[in-house]
Amino acid sequence: MKAFAYLSDGTAGWIEKERPHATGYDGVIRPLMAAPCTSDVHNVAIQCLQPNRILGHEGLGEVVVVPPVTPDWRTVPSQLGAHQHCSGLITGQKLSNSEDGLMAEYALIRDLDANAARIPQGVSLEGAVMAADMLNTGLYGAELAEVQPGDTVVVMGVGPVGLMAIAGARLRGAGRIIAIGSRPAGVALAKEYGATDIVNYKEGDVLRQVHLLTQKQGADCCICAGGGDEALGQAVAMVRWGGTVGNVNYFTTYGNLPINNVRYGFGMGNKTIRGGECPGGRARMERLLRLLQYGRVDPVPLITHRFSGLSHLETAFRLMEAKPPELVKAIVHLS
């Protein structure tokens, strides 16, 4: 079969590979839609994959949608509530990492009944594929930040995950949502999804801007969904004493993430930092799909670029690499 994969030396391209065969609890699906992710781009750039590893962890098959995390549910870490790390750090995200991903004519899904969900009536394929990772991760950021009704929430980033973090904070009852970002397409959607204030980092120090917007008190919580190595420290600085940071940002550095000790309260500020990868599993996906089915949130506006045909997987991937200002999310209809 034809597939788009990591090749070697930080490059990605087309390969021919044997069609997968299912055994045990696993299943094979024929992907109908796939969406290249920035983490696909990062993984290729930092050369952390085996050669000929098929890319893609956002997609769906003929009747099911698959989340990016498809763990082995029979391991001890999974039983202890850490299925994202079922066999070690981030090993629950097998697609395109330790196992071939969805950018191919066929894909093997581990433990299909436990890891994939049927797409309910009334939910579009585009909505389902955006729910699998973008809504999943963004909402998880709001969960990690423990957003409560009436809270003032800062969301760092207006990419697709940040936008869904804004939607997630709104779903959980946030009163004020301060979004940090500058890309016009993202800023416009941030307002649609519930942002009450926009902070542009190009217009001055974001810590200062948030400090003034919150009457020098800080936000109740912050969802870190974008930014460089300094982002986590900024998030800690922007929440009040006793506030919570929920991080879903993928930091690719092998070095330290700086946190200002004064802003952390010298360890005595009762600030909580929680970070992690979004949950997987059928039950999680079914809950996310119900949010779409009953009109609570619509992630389809995230899609700014649409392509048709397997060959355009590379087009969409290159677009995610280039990140033009009008881009939020690209998808490929495979058939």
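Note that this is a predicted model, so its numbers are computed, not measured. We count residues from 1, following the sequence as given.
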Please check if the side chain of [X] supplies one atom and the backbone of [Y] the other of a donor-acceptor pair under 3.5 Å.
X      : Y      : result
Gln148 : Glu146 : yes
Thr214 : Val210 : yes
Asn249 : Gly227 : yes
Gln84  : Glu277 : yes
Asn136 : Ala132 : yes
Gln209 : Gly204 : yes
Asp151 : Ala174 : no
Asp40  : Cys37  : yes
Arg296 : Arg290 : no
Thr304 : Val328 : yes

Exercise: identify the closest heavy-atom pair between [X] and [Y]:
X      : Y      : value
Ala330 : Pro36  : O-CD, 3.8 Å
Ala114 : Trp73  : CB-CD1, 3.8 Å
Met33  : Val129 : SD-CG1, 3.6 Å
Leu319 : Leu327 : O-CD2, 3.6 Å
Pro68  : Cys278 : CG-SG, 3.7 Å
Ala117 : Met285 : CB-CB, 3.6 Å

Verdict with supporting geometry, His83 and Val69, side chain to side chain contact (heavy atoms under 4.5 Å, CB included):
CA-CA 9 Å; His83 66 269; Val69 176; 3.9 Å; yes
Residues Lys2 and Glu314 bridged, charged N to O under 4.0 Å
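No, this pair does not count.
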Regarding Asp113 and Arg282, does a basic nitrogen lie under 4.0 Å from an acidic carboxylate oxygen?
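Salt bridge flag = no for Arg282 with Asp113.
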Check against side chain to side chain contact (heavy atoms under 4.5 Å, CB included), Ile29 and Leu102:
CA-CA 9 Å; Ile29 67 169; Leu102 301 172; 4.3 Å; yes
Are [X] and [Y] in one and the same hydrophobic cluster, where Ile, Leu, Val, Met, Phe, Trp and Tyr link if side-chain heavy atoms are under 4.5 Å apart?
X      : Y      : result
Val297 : Val147 : yes
Ile109 : Leu60  : no
Leu55  : Trp14  : yes

Counting neighbours of [atom1] on [X] that are heavy atoms of other residues, nucleotides or ligands and sit closer than 6.0 Å, is the number greater than 12?
X      : atom1 : result
Lys191 : NZ    : no
Glu18  : CD    : no
Arg263 : CZ    : no
Arg118 : CZ    : no
Arg172 : CZ    : yes

Determine, stepwise, if the pair Asn115 / Arg110 fulfils side chain to side chain donor-acceptor pair (under 3.5 Å).
CA-CA 7 Å; Asn115 280 319; Arg110 176 185 292 274; over 6 Å; no
Hey, does Glu58 have a side-chain heavy atom less than 4.5 Å from the side chain of Pro67?
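Heavy-atom side-chain distance check fails, nothing below 4.5 Å.
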Would you say Arg274 and Asn247 are linked by a side-chain donor-acceptor pair, where the criterion is simply a distance under 3.5 Å?
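The answer is no; no qualifying pair exists.
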Classify the side-chain pair Asp298/Tyr193 by whether it contains a donor and acceptor separated by less than 3.5 Å.
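Checked: Asp298/Tyr193 side chains show no N/O donor-acceptor pair below 3.5 Å.
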From CA spacing to verdict: side chain to side chain contact (heavy atoms under 4.5 Å, CB included), Cys221, Val245:
CA-CA 6 Å; Cys221 41; Val245 172; over 6 Å; no
Go through it in stages, so that I can follow the logic: the residues are Lys329 and Met134, the test is side chain to side chain contact (heavy atoms under 4.5 Å, CB included), and I'd like the CA-CA distance, side-chain angles, deciding distance and then a yes or no.
CA-CA 10 Å; Lys329 194 68 179 175; Met134 299 299 96; 4.0 Å; yes
Take Arg284 and Glu143, measure what salt bridge (Lys or Arg N to Asp or Glu O under 4.0 Å) needs, and give me the verdict at the end.
CA-CA 13 Å; Arg284 173 75 173 186; Glu143 293 171 288; 2.9 Å; yes
So is Arg30 actually on top of Tyr106's ring, under 6.0 Å and inside 45° of the axis?
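Arg30 over Tyr106 ring: no.
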Derivation and outcome, side chain to side chain donor-acceptor pair (under 3.5 Å), residues Glu126 and His333:
CA-CA 9 Å; Glu126 291 188 348; His333 293 258; 3.0 Å; yes
So His312 and Phe307, would you call those rings parallel, tilted or perpendicular, with 30° and 60° as cut-offs?
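The arrangement is parallel - the two ring planes meet at less than 30°.
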